[in-house]
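Every value quoted in this text rests on a predicted model; they were computed, and no experiment measured them. Here is the naming used below: chain letters follow the sequence lines, and residue numbers restart at 1 for every chain.
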4 protein chains.
Amino acid sequence: MTHMSQRRRGAVRSEAARVAILRATAHLFQASGYDNLAMESIAAEAGVAKQTIYRWWPSKSALVAECLLEGLLMPDLGLPDTGDVKADLIAWTDRIFTILREPSGESLVRSLIAAATENADIGRRLHDSLGTESSVTGRLADAVEAGQLRDGSRLQEIAEALVGAVLLRALGRIPIAAGDAERLVDTVLGGALAR
Amino acid sequence: MTHMSQRRRGAVRSEAARVAILRATAHLFQASGYDNLAMESIAAEAGVAKQTIYRWWPSKSALVAECLLEGLLMPDLGLPDTGDVKADLIAWTDRIFTILREPSGESLVRSLIAAATENADIGRRLHDSLGTESSVTGRLADAVEAGQLRDGSRLQEIAEALVGAVLLRALGRIPIAAGDAERLVDTVLGGALAR
Amino acid sequence: MTHMSQRRRGAVRSEAARVAILRATAHLFQASGYDNLAMESIAAEAGVAKQTIYRWWPSKSALVAECLLEGLLMPDLGLPDTGDVKADLIAWTDRIFTILREPSGESLVRSLIAAATENADIGRRLHDSLGTESSVTGRLADAVEAGQLRDGSRLQEIAEALVGAVLLRALGRIPIAAGDAERLVDTVLGGALAR
Amino acid sequence: MTHMSQRRRGAVRSEAARVAILRATAHLFQASGYDNLAMESIAAEAGVAKQTIYRWWPSKSALVAECLLEGLLMPDLGLPDTGDVKADLIAWTDRIFTILREPSGESLVRSLIAAATENADIGRRLHDSLGTESSVTGRLADAVEAGQLRDGSRLQEIAEALVGAVLLRALGRIPIAAGDAERLVDTVLGGALAR
DNA sequence: CAATAAACGAGACGGTACGTCGAGTCTTGCT
DNA sequence: AGCAAGACTCGACGTACCGTCTCGTTTATTG
């Protein structure tokens, strides 16, 4: 029995074009924000025909979604795991707050939110982890395992509350003060911390 | 008290036009979402010249912000005050979740978020109260007064966590189950409830 | 009774834009031919938005038709009237043949024909007079009046035969020799000349 | 006679493809006209790759030219030869006018003219015989031989005048009345008929 | 009560970008 | 080598809205 994979005919998708498009998208997204992101500029910067974009992505938001997935939009804010959940979450939140304090960072996050309003994938990803690789809920589950959080803690809700609060601050252009990360984590972890 | 306002000459702003514009904006916003909202359609539906809109509002988002302020976009989700904070918050959250369960409601909320990404006022308003009249933080303060929440509770953070979680669910198109409101409120109120 | 002409409201059509568009059309038509004539180039050269063209003309061919009407496309080949029909027609045909002998002239005429295949107005105008101001049939009628052509001559047919033959030569890229104009006029005038 | 042709290596041109392409071209030409004729549609309808078309024909117009040559575009309007030139020409012209009276026929002829503006071969063929098999000039020469037309008649010019007039009518969308064929032939034959 | 001036409706204007179509070329694997 | 499939770049299409700008009309205030 030979390998009979019935390869389809015709030229194959150009990886170079794919990468150039995603790179251009990420670059322009960061430079000008989601709303000012134009398919024509992407095509121009990528040195690609517009049609090549539309052949593979149905919309601007899908393009951005794939960039997000490939980690081209956000620096990796990997949630650390030092063994101390609370400290880890504070550190993580703080790193995000540091980004938000910069006008460019805040508007990048707001752009991501704008993209999420148009694209379910982006929305889902934001929901899970603020768009980064790691999932907050996952880290919390580990903490339960390690006995740091009470059994039966509402991990999903805690994660949503934390991430949601962060996004809400970006949306509301709320200035961020020192200690805010700690206060926020403190609040959402509230009753869940094992004593 | 003398007539003191030295009115300038010329016709005065037409209240009819103002109302027609806001109404048209609200209607089209609900019907087609923020992104598909066109100034030209608003003008057409309001029976008004585009210039009349631009004379009084600098942008689409400002227009939407004023609609929000006038309560034309959201049904009033007044946060109740029965004396029991937790029950009140659950009821309120539940009402929002009921809206989110309808596709039209979810997309309305997402449209609001989209508008907020462009307009600080809308963002602020969403931050304070999900766009409704009442402020969550205010209600929490009353609860502290009444001894239902511990002194020193992080009211701001609780409110942000609750509202943020709700918006995040809308963004992520997360299906909402019965009991979710209670679980969420339970989580964010966590350690703040007086025992 | 006052003049009550109910002027429509709103800004008035810009004559400057109209002229710039027609000029640009004529120029590009002559430079590149009908098929290579692009609405975008016209708009660019005229310093006008594409929409301004589409507001007033439904198609490229309509635009060219108006150019033709305004005499911007063809030098005026006014059919002379010296009293001698035959000589006049020969002179006129010869002038056209002179144009056709130049490659640029021939391709201009072919472009006109191409435009005529898309636009009835242009076709009609070509039929009547090869696109120029004067009508051949009209001149023939004068000649009948003057007794130079037999009464009852088929003027319409003579004109069609003459103009048609000229266009057909352009279409067939038939090289034109000296004396061709005379031979052709001789033929089409055939039996019509009074003796 | 030995086999002498040293055939080059590799597959030989596919006659099936050639025929399918010409058939598809003819069909689509008649259905949608020259301007709306798309190479992609031809390839699709013929079940052929675009490259196969470009391998053998340099352009759309060349493709159409070959269709014309193969008699796939026009019904054969063979110029009859009953011995009476005038009657023959009238019959022939009348057949063409019958075609022109149908909107589809008129637009087919106009499409042919459009093709001729882009392609010298088509133009030449139209010049000679309106695209059909037989040449008008040839038939006239026979008539001279038979003593029906004067010696020294300008056969070329007569043919041009007749065919040109017909095409001009198609271009000008001139409605055709009964008797027009006779009147036209009468005119162009004018002084050439032997008495 | 004229003169003045702002607001208004209508709508034309220069722009930017859209998403689509088709052209002609190139690549891949099969025949 | 020819072929079907199909991806590629390029250029233009015709449309949608943007925000600005005349127009001529209406409405209020002021001299």
| Upstream residue (5' side of DNA chain E) when C:Glu15 and A:Ala11 are each assigned their closest nucleotide | C:Glu15
| Is there a residue in residues 26-55 of chain D whose heavy atoms reach under 4.0 Å of DNA chain F, and which residues are they? | D:Gly47, D:Val48, D:Ala49, D:Thr52, D:Arg55
| remark: Taken in chain and number order and not counting sequence neighbours, the residues that satisfy side chain to side chain donor-acceptor pair (under 3.5 Å) with D:Ser61 are D:Ser59, D:Asn119
| message | So which atom in C:Arg173 and which in D:Thr117 form the shortest heavy-atom distance, rounded to 0.1 Å? | response | NH2-O, 3.4 Å
| said: Please enumerate all residues that pass salt bridge (Lys or Arg N to Asp or Glu O under 4.0 Å) together with A:Glu106, with sequence neighbours excluded. | reply: A:Arg110
| said: For the CG atom of D:Leu63 and the CH2 atom of D:Trp56, what is their distance to the nearest 0.5 Å? | reply: 14.0 Å
| query | Which pair of non-hydrogen atoms, one from C:Gly33 and one from C:Ser111, has the smallest distance, and what is that distance? | reply | CA-OG, 3.1 Å
| For the side chain of C:Lys60 and the backbone of C:Tyr34, is there at least one donor-acceptor N/O pair under 3.5 Å apart? | yes
| request: State which residues pass side-chain contact (heavy atoms from CB on, under 4.5 Å) with D:Ala31; sequence neighbours excluded, sorted by chain then number. | output: none
| salt bridge (charged side-chain N to carboxylate O under 4.0 Å, His left out): which pairs involve residues 48-59 of chain D, sequence neighbours left out? | D:Glu40-D:Lys50
| message | Check this one for me: any side-chain N or O of D:Trp56 less than 4.0 Å away from OP1 or OP2 of F:dA1? | response | no
| query | Tell me: CZ of B:Arg18 to P of E:dC8, nearest whole Å? | reply | 12 Å
| said: So if I take residues 57-65 of chain A and measure heavy-atom distances to DNA chain E, which residues fall below 4.0 Å? | reply: none
| task | Could you list all the side chain to side chain donor-acceptor pair (under 3.5 Å) pairs where at least one residue sits in residues 23-32 of chain A, not counting sequence neighbours? | result | A:His27-A:Glu45
| note | Residues passing the salt bridge (Lys or Arg N to Asp or Glu O under 4.0 Å) test with B:Glu66, sequence neighbours excluded, are B:Arg18
| query | Nearest 0.5 Å, what's the CD1-CD1 distance between C:Ile53 and C:Ile21? | reply | 5.0 Å
| query | Mind checking what makes side chain to side chain donor-acceptor pair (under 3.5 Å) contact with A:Arg13, not counting sequence neighbours? | reply | none
| query | For D:Ser104, which residues count as a side-chain contact (heavy atoms from CB on, under 4.5 Å) partner, sequence neighbours excluded? | reply | D:Glu102
| message | From C-beta outward on D:Ser14, which listed nucleotide comes closest to its side chain: F:dC8, F:dC3, E:dC13? | response | F:dC3
Shorter than 3.5 Å, N or O on both sides, protein versus nucleotides 2-4 of chain E: list them out with atom names.
unit_1	atom_1	unit_2	atom_2	d
E:dT4	O3'	B:Arg9	NH2	2.8

| request: Rounded to 10°, tell me the angle between the two end axes of the helix from E:dC1-F:dG31 to E:dT31-F:dA1, each built from five pairs. | output: 10°
